[in-house]
Amino acid sequence: MKNERQKTQKTLTPESVLPPRQVLGIIRGMAEKNVKNILVAIPTGDYAERLKLNGVLEYARDKAGARWNLRLCVGGAIRLPIPDDVRADGVIAYVQNERDRARLLALGRPVVLIEDLAEPRCRSRRKNVAAIVCDHVAEGRTAAEYFLARRYAHFAFVGTEPQVSWSELRRRGYSAELKKHGRGCSVFPPGGDLPAWLQALPKPCAVFAARDLRAREVLDAAEEIGAAVPQELAVLGVDDDEMLCTTARPSLSSIPSFDRSLGYAAGRTLNAIMTGKSSGGQIRTRHSVVVTRQSTETDAVDDPFVRQALNWCRAHLDQSADVRTIAAGIGYSAPALQQRFKRSLGTTVSETMRHLRLSAAKDLLTGTRLSVEEIARRCGFSCTSHLAMRLREADGLTPLAYRRQNADA
């Protein structure tokens with residue numbers, strides 16, 4: 001042991017230790033080797049696009065940390081071909097045309113394409129390339145399911161002008177879901193007179209607009225013709241742009257597009273490719289929640305007492321309430337309210353309350369990160385087992401399985 005200590009002491013002589021400056025240089029060099037230059041090309045002129053960029057930045061901050069050196073392309077445009085003096089170890093780009101897609105794929109570097117084009121045909125199925133696909137058809141289905149649950153019989157869609165692919169996909173999903181339930185859909189014609197078109201719609205009518213900005217135009221047109229919102233025209237948009245939605249009068253209901261998590265998923269996917277944990281592929285987002293505000297806060301039910309009771313139920317989901325409690329909440333007779341529900345909805349007050357609670361729980365499971373315990377509490381279930389039992393009866397899934405199957409990217 002003594003000889004070994006002497007050998008060790010002899011080895012670690014001052015002459016054999018590197019100078020501090022040289023040690024720091026080696027450490028800095030090793031760190032620089034681990035840093036990856038990531039080109040990010042996402043436009044910033046639109047709210048939804050800015051959310052995508054924020055998602056990428058959040059991933060870099062939360063997960064990649066000092067390992068990524070982000071090089072943002074101003075305005076979202078990548079200068080192609082990339083100059084030799086710009087070392088790009090990976091690319092995240094919001095693809096808007098076929099030419100840019102082809103040129104990015106030709107780079108031979110790990111690439112994640114955030115696509116918003118009509119139904120991608122998996123052109124990016126090659127090694128080290130991934131496509132994050134926004135499921136606009138699902139957004140349309142969500143809008144239809146939301147309005148159908150509110151008992152509407154008349155439906156309309158207002159797309160963008162000029163028309164773009166994602167607007168048409170939202171219309172397609174909306175119309176297809178309505179058709180499954182035997183309902184038609186009026187579509188606003190490009191270049192048409194919006195106030196006159198809204199005036200001619202049968203009332204009450206559920207109007208789905210392709211984006212929040214377009215939905216604001218619908219609200220303005222409704223005010224111009226004197227149509228009451230939501231009593232005559234219920235209006236729903238997409239993006240959940242808080243500034244647009246909360247400053248509207250009445251405030252605007254909207255489907256969050258989850259663009260931030262779209263960007264976050266792009267960052268996560270690129271990191272997986274660059275670290276050898278993934279070879280690429282296609283990821284589709286899902287959208288299954290509506291943020292309800294005043295523009296849809298009613299039901300297409302003729303009976304005013306039933307409408308009032310439904311609004312009371314939605315506002316008190318976390319409370320234990322039977323028909324007597326609900327009737328007292330709106331100042332009405334319990335037996336008479338039960339009869340009105342049967343006549344208007346063909347169901348009982350208790351059955352309706354159970355449906356509203358389960359629907360709200362599903363929205364929270366897919367649209368939030370709240371615990372199952374908290375969701376059960378907020379939606380009036382006695383315990384998580386009670387929620388799990390109701391969900392299993394309706395969908396054959398546990399709460400966590402439902403969240404995994406329907407959550408956004």
Side-chain angles (χ1 to χ4, degrees), residues 142 145-152 230-231 234 236 240 250-251 253-256 288-407:
T142 295
E145 291 166 355
Y146 178 79
F147 282 135
L148 286 165
R150 279 172 155 69
R151 312 279 174 172
Y152 281 89
Q231 292 80 7
L236 175 66
D240 195 32
S251 57
S253 297
S254 186
I255 301 173
S288 54
V289 64
V290 173
V291 177
T292 298
R293 299 187 180 90
Q294 294 170 342
S295 69
T296 61
E297 213 162 45
T298 190
D299 293 79
V301 178
D302 292 333
D303 191 315
F305 291 100
V306 173
R307 281 203 308 271
Q308 193 176 350
L310 288 170
N311 289 336
W312 190 96
C313 290
R314 290 193 179 95
H316 299 85
L317 289 177
D318 60 333
Q319 299 180 15
S320 176
D322 57 15
V323 62
R324 287 187 294 274
T325 306
I326 296 167
I330 65 171
Y332 198 64
S333 159
L337 184 63
Q338 191 75 276
Q339 290 175 1
R340 286 177 178 271
F341 262 71
K342 271 290 186 184
R343 188 165 54 246
S344 295
L345 306 180
T347 186
T348 66
V349 175
S350 298
E351 287 169 347
T352 301
M353 192 66 168
R354 282 197 294 269
H355 171 77
L356 292 174
R357 282 193 171 120
L358 184 59
S359 178
K362 287 180 178 181
D363 286 347
L364 291 175
L365 282 168
T366 57
T368 74
R369 297 299 180 191
L370 292 172
S371 68
V372 176
E373 291 79 6
E374 176 64 14
I375 291 172
R377 187 192 67 77
R378 291 191 183 192
C379 297
F381 292 94
S382 58
C383 59
T384 56
S385 297
H386 185 201
L387 169 57
M389 180 184 71
R390 293 297 184 194
L391 191 57
R392 194 177 294 110
E393 289 173 352
D395 294 83
L397 296 170
T398 66
L400 292 179
Y402 185 88
R403 169 173 275 171
R404 284 194 298 270
Q405 183 168 304
N406 296 280

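Computation of the quantities below employed the complete heavy-atom set of this structure, encompassing side-chain atoms and omitting hydrogens, waters and symmetry-equivalent molecules.
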Fill in: side-chain contact (heavy atoms from CB on, under 4.5 Å) assessment of Lys342 paired with Thr348
CA-CA 6 Å; Lys342 271 290 186 184; Thr348 66; 3.8 Å; yes

Item to complete: Dump the intermediate steps for side-chain contact (heavy atoms from CB on, under 4.5 Å) on Leu387 and Cys379, then the final yes or no.
Response: CA-CA 9 Å; Leu387 169 57; Cys379 297; over 6 Å; no

Discussion item. Apply side-chain contact (heavy atoms from CB on, under 4.5 Å) to residues Ile255 and Tyr146 and explain how you reach the verdict.
Written reply: CA-CA 10 Å; Ile255 301 173; Tyr146 178 79; over 6 Å; no

Item to complete: Go through the steps to decide whether Leu391 and Leu358 satisfy the test side-chain contact (heavy atoms from CB on, under 4.5 Å), and finish with yes or no.
Response: CA-CA 7 Å; Leu391 191 57; Leu358 184 59; 4.0 Å; yes

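Listed by first and then second residue, the ring-ring contact (aromatic ring centres under 6.0 Å, His included) pairs involving residues 290-333 are Phe305-Tyr332, Trp312-His316 (not counting sequence neighbours).
Here the SG atom belonging to Cys313 is positioned 11.5 Å from the NE2 atom belonging to His355, to the nearest 0.5 angstrom. Separating the CZ atom in Phe341 from the CD1 atom in Ile326 is a distance of 6.5 Å, to the nearest 0.5 Å. Summarising the geometry, atom NZ belonging to Lys362 is positioned 3.5 Å from atom CG belonging to Asp395; distances are rounded to the nearest 0.5 Å. With rounding to the nearest 0.5 angstrom, the CG atom of Leu400 is 9.5 Å from the OG1 atom of Thr384. Going from atom CD of Gln338 over to atom CZ of Arg343 covers 12.0 Å, rounded to the nearest 0.5 Å. Note that CG of Asn311 and CD1 of Ile330 are 10.0 Å apart. Values are rounded to the nearest 0.5 Å.
Listed by chain and number, the residues in a salt bridge (Lys or Arg N to Asp or Glu O under 4.0 Å) with Arg150 amount to none (sequence neighbours excluded). Looking at residues two or more places apart in sequence or on another chain, you find no salt bridge (Lys or Arg N to Asp or Glu O under 4.0 Å) involving Asp318.
Annotation: side chain of Val349 is not in contact with side chain of Arg324 (no heavy-atom distance under 4.5 Å). Put simply, the side chain of Arg354 reaches to within 4.5 Å of the side chain of Ser350, judged on heavy atoms. At least one side-chain heavy atom of Glu393 sits under 4.5 Å from a side-chain heavy atom of Met389.
The minimum heavy-atom distance linking Ala334 with Val323 is given by the pair O-CG2, 3.8 Å. Of all heavy-atom pairs spanning Leu365 and Arg403, the tightest one is O-NE, 2.7 Å. Considering every non-hydrogen atom in both Glu374 and Leu370, the closest pair reads CG-CD2, 4.1 Å. Here the shortest heavy-atom pairing between Phe381 and Arg390 reads CE2-CG, 3.8 Å. Closest approach of Ser295 and Ser253 over heavy atoms only: OG-N, 2.8 Å. Residue Arg357 comes nearest to Ser320 through the heavy atom pair NH2-CA, 4.1 Å, listed as atom of the first residue, atom of the second, then distance.
A distance-only check finds a donor-acceptor pair linking the side chain of Ser251 to the backbone of Gln294 [under 3.5 Å].
When each of Arg307, Arg151, Arg314 is tested with Asp299 by the rule side chain to side chain donor-acceptor pair (under 3.5 Å), just one qualifies, namely Arg314.
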